[in-house]
Each structure stands twice: as C-alpha cells, then as structure tokens.
Amino acid sequence: MTTATAIVAGHGISFRRSLHLPNPPGKPASASFSLARPHPHYGRLAVPATSPLPSPRPCRSISSESPTADTVEDEEEPPVTSEANEEEEEDDVDPLAEVCYLDPDADAEGIREWEVDFCSRPILDARGKKVWELVVCDATLSLQFTRFFPNTSINSVTLRDALASVASSLGVPLPDRARFFRSQMQTIISRACNELGVKAVPSRRCVSLLLWLEERYETVYSRHPGFQQGTKPLLTLDNPFASNLPDNLFGDKWAFVQLPFSDVREEVELLERRYAFGAGLDLDLLGFELDETTLVPGVAVESSRARPLAAWMNGLEICSMEVDTGRANLVLSAGVSTRYVYAGYQKSAATTQEAEAWEAAKKACGGLHFLAIQENLNSDSCVGFWLLLDLPPPPV
C-alpha cells in the first residue's frame with residue numbers, strides 16, 4: 001500500500017498524526033507524531049455518479065389486492081428489445097409486476113451470497129393495509145427477485161418458502177449467506193434462513209440492495225396505484241448510542257490517512273489474492289468515477305498483533321466510520337445496529353480541524369472511505385483492508 005498522508009485543512013503541507021488508541025483500563029496511553037511529505041495532487045476531488053442498474057425482466061405479475069403471492073399465473077417472457085428502446089422500457093415499468101431476473105452471462109453456481117429485504121412498502125391494498133415485499137439480489141445485481149405479500153401472511157414460513165422459490169424460479173442454488181439490514185426482521189429472516197441451511201448475516205454492507213430499493217421507490221412504488229405519499233418506513237434503521245469497544249478490538253496507534261483512488265482500486269483488487277481479512281466494494285457497479293489521483297480518506301491502525309486484530313474485525317461486518325467532533329472520538333458502525341467508540345483523541349483546535357477535514361474529504365468522495373490494519377503505520381502493506389461507504393437510509 002502506498003504510504004498515506006494525513007488530512008489537514010487550510011495548511012500548505014500535510015502531515016501524519018499518529019495517536020494511540022484508547023487502551024483498556026490499566027494500560028498506559030501516549031501519543032507520537034511523525035512528518036510525511038504531502039501528496040502532489042492533494043485536494044483534487046470529484047463526486048461520483050451512480051451508474052444505472054441492470055434492467056430486470058418481470059417473470060410474474062401480481063396485484064397488491066391479491067390474497068396471496070402463490071396464486072399468480074406466470075406471464076410470457078417479454079420480447080427482447082433493442083438498446084435504443086431500453087430507456088423507454090424503463091419508463092414503462094409496470095408497478096404491479098414482480099421481478100425475476102438472472103443475468104444470462106452470470107455464473108449461477110458462483111452466486112453464494114444474497115442480499116435480502118422483507119418489509120412493508122408505502123402501498124395500500126384494497127383493504128387499506130400496507131403491502132409487504134420480498135426483495136432479493138446479489139452484490140453484482142446479476143440476480144434480482146421481488147414478490148409482494150399481503151400483511152396477513154408475514155411470518156418465517158412464508159419467507160422460507162419464498163426464498164426457496166427464488167432458487168427454483170431462477171435455477172440457482174441457495175446461497176451460503178444472506179445479508180439483511182433491518183434489525184427488526186432478524187428473528188423472521190434468521191429462522192427462515194436456518195430452515196434452508198443458509199447463514200443469515202445482519203449487515204449494512206448490502207450496498208446493491210440499498211441502491212436498488214432507492215431506485216424502486218422512484219420507478220415502482222411511487223407509480224403504484226396504491227402509493228401513499230409521505231408514508232414513513234414501518235421499520236426504521238437503528239442508530240443507537242455508541243458503546244465501548246471490546247478489549248480484543250483495541251489497536252496500538254491510529255492515524256487519519258488518505259490514499260489516491262488508483263491505490264484504493266489496487267487494494268480492492270488485491271484483497272482476494274493477498275489478504276485473509278477485509279472487504280471491498282464493486283466500484284464500477286457503484287459508478288465511482290473519481291480522478292485516479294483523488295485522495296480517498298481512511299483510518300490506519302497499527303497493532304503489534306495485527307493479524308489476530310484483523311481476524312476479529314473481519315467478523316464484524318464493518319460498514320462505516322465517522323468522527324464525533326463534539327466528543328473527540330471515532331465511531332465504528334458494524335452489523336445492523338452496532339456502534340462502537342473506536343478511538344479517541346485529545347480535543348483541540350488543530351485536531352478538530354483535522355477531523356472536520358477528514359469528514360469533508362469523505363463527503364467529497366461520495367462517502368467512500370476505508371479502514372486499514374497494519375503492523376506498522378509506515379508499512380507499505382496491510383494485514384486487513386475494508387472499503388467503506390456512507391449511505392443514507394433507504395426511503396422505504
């Protein structure tokens with residue numbers, strides 16, 4: 001990994017500030033500082049544009065007034081349209097239709113993880129009750145599936161059977177893991193997945209699913225005849241107070257750092273080959289078009305036990321990091337509703353300015369940032385690397 005430089009707003013030079021992480025009770029704390037040469041392209045930032053999602057094909061059509069989703073007859077597959085008519089086809093999306101799509105070029109056997117949402121939508125049926133929907137996809141959106149349900153059939157058995165029908169309808173095996181981001185649905189989703197032999201993983205690293213839900217709100221839900229404008233989500237995302245970090249997750253030192261976008265891409269590409277620990281994102285699918293020299297902010301952590309620390313962190317489903325300048329600490333978000341006070345720093349005008357500059361750089365990069373665990377902050381390699389992304393909660 002190319003040596004990263006720290007972010008300091010309003011200065012002509014950039015320097016790395018290495019701070020010791022807060023230690024468990026009884027362990028001493030100290031701070032050290034080291035200078036680093038500024039990157040020649042510091043400050044060149046561009047906001048990414050989101051790439052269009054693949055156009056799914058409906059496999060069934062169902063009205064929200066139907067008593068169950070299993071009584072719907074299959075429709076004939078629509079004819080293939082030319083590329084010139086794709087935009088017109090997207091505008092003519094049938095808000096009553098379900099989606100059943102598998103990319104013909106995808107390796108069906110290789111899709112081992114699904115992203116799942118099972119929740120109500122801002123749509124009322126003939127009884128004046130909210131319609132529920134199952135939405136399933138994979139990280140590359142090569143697999144897409146939706147099905148509506150009346151609110152009278154919301155249970156783990158219904159969900160289990162629906163998930164099984166995803167595999168049978170598309171001719172794919174059940175996945176090894178299914179990620180979901182709503183803590184309120186953990187019991188139902190976990191029970192349904194367990195009965196199918198699928199590991200349910202509570203995680204906000206459902207980036208493709210969250211973006212697809214945002215798109216469906218505009219192209220499907222808002223165009224449905226039963227749409228209720230201004231309806232708030234029934235199951236909102238939790239944002240609890242940050243708790244203390246477990247002792248086994250402490251590092252020795254940390255630093256606000258930044259890497260050129262080209263190096264971030266390289267780290268993601270090397271994840272599967274070089275690292276045992278970490279997680280990337282599909283930057284092309286997400287439509288990130290940053291300049292190669294744009295500096296992406298991150299946090300680097302030094303630890304004398306870097307490998308065991310990275311292994312423990314790898315099981316957390318890390319999704320983002322943020323700075324709480326009021327309390328002078330870093331907050332790590334993981335799973336669906338877990339927040340930790342990951343590190344602290346001595347509050348001063350200089351450190352507050354640096355923290356605010358880090359958050360500003362993250363915003364300028366479209367929310368993209370990273371966490372790196374190293375044996376030494378001056379090392380050119382990482383033991384663990386997680387590419388993270390700030391995303392707003394879905395509109396449903």
Side-chain angles (χ1 to χ4, degrees), residues 1-8 13-23 30-42 44 205 245 248-284 286 288 290-321 330 332 334 340 342-343 345 354 358 361-362 365 368-389:
M1 180 175 76
T2 304
T3 300
T5 57
I7 299 173
V8 182
I13 62 171
S14 298
F15 64 92
R16 168 179 289 164
R17 170 174 288 146
S18 301
L19 302 175
H20 277 260
L21 290 158
N23 291 313
S30 61
S32 62
F33 301 85
S34 59
L35 296 177
R37 298 175 66 181
H39 194 281
H41 299 296
Y42 174 71
R44 295 179 62 183
R205 291 192 68 90
L245 191 70
N248 63 327
L249 299 182
F250 280 95
D252 299 327
K253 291 190 294 185
W254 68 276
F256 285 129
V257 298
Q258 53 191 7
L259 278 175
F261 185 58
S262 59
D263 290 347
V264 170
R265 278 188 175 278
E266 182 180 349
E267 294 297 329
V268 172
E269 292 171 358
L270 291 174
L271 268 175
E272 294 185 0
R273 289 180 289 164
R274 192 177 68 186
Y275 300 140
F277 313 110
L281 294 169
D282 192 326
L283 296 171
D284 293 327
L286 296 175
F288 277 91
L290 299 174
D291 186 276
E292 292 297 290
T293 57
T294 295
L295 296 177
V296 178
V299 169
V301 176
E302 175 183 315
S303 176
S304 57
R305 53 190 183 91
R307 189 161 293 279
L309 175 59
W312 283 317
M313 294 289 289
N314 206 47
L316 293 182
E317 289 291 317
I318 303 168
C319 57
S320 66
M321 297 193 77
L330 289 178
L332 174 74
Y340 293 121
Y342 188 65
Y345 57 88
E354 184 173 356
W358 187 84
K362 184 171 63 167
C365 289
L368 198 66
H369 56 297
F370 63 87
L371 171 66
I373 294 180
Q374 301 175 272
E375 294 177 346
N376 187 292
L377 288 179
N378 294 314
S379 173
D380 289 333
S381 62
C382 294
V383 175
F385 186 90
W386 290 263
L387 191 56
L388 311 174
L389 182 65

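Quick note: residue numbers are just sequence positions, from 1.
E302 places a side-chain N or O within 3.5 Å of a backbone atom of L377 that can act as its donor or acceptor partner. The backbone N or O of N248 sits less than 3.5 Å from a side-chain atom of R305, completing a donor-acceptor pair. Looking at R307, its side chain never comes within 3.5 Å of a backbone N or O of G384 through a donor-acceptor pair.
Between S320 and L389 the shortest heavy-atom distance is CB-O, 4.3 Å. Across Q374 and A300, no two heavy atoms sit closer than the pair OE1-CB, 3.6 Å. When all heavy atoms of G280 and R205 are compared, the closest pair comes out as O-NH2, 3.0 Å. Heavy atoms only, all atoms of each residue included: M321 and K362 are closest at O-NZ, 2.6 Å. Smallest separation of non-hydrogen atoms from G251 and L309: CA-CD2, 4.1 Å. The heavy-atom pair separating F288 from C365 by the smallest distance is CE2-O, 3.3 Å.
Using a 4.5 Å heavy-atom cutoff, the side chains of D284 and R265 are in contact. The side-chain heavy atoms of L368 and L387, taken from C-beta on, include a pair separated by under 4.5 Å. The side-chain heavy atoms of W386 and M313, taken from C-beta on, include a pair separated by under 4.5 Å.
Applying the side chain to side chain contact (heavy atoms under 4.5 Å, CB included) criterion to A334, with sequence neighbours excluded, gives L316.
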Might you work through the side chain to side chain contact (heavy atoms under 4.5 Å, CB included) test for F250 and L245, ending with a clear yes or no?
CA-CA 7 Å; F250 280 95; L245 191 70; 4.3 Å; yes
How far apart are the C-alpha atoms of L270 and F385, what are their side-chain angles, what is the distance that settles it, and do they pass the side chain to side chain contact (heavy atoms under 4.5 Å, CB included) test?
CA-CA 10 Å; L270 291 174; F385 186 90; over 6 Å; no
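The CG atom of D263 sits 10.5 Å away from atom OG1 of T293, with the distance rounded to the nearest 0.5 Å. Between L249 atom CG and Y340 atom OH the span is 6.5 Å, to the nearest 0.5 Å. Summarising the geometry, atom OG belonging to S304 is positioned 11.0 Å from atom NZ belonging to K253; distances are rounded to the nearest 0.5 Å.
The aromatic rings of F256 and Y345 sit perpendicular to each other, their planes meeting at more than 60°, with 30° as the lower class boundary. Relative orientation of the W358 and H369 rings is perpendicular, given thresholds of 30° and 60° on the angle between their planes.
Each of L388, L371, L332, I373 was compared with V299 under the side-chain contact (heavy atoms from CB on, under 4.5 Å) criterion, and only L371 meets it.
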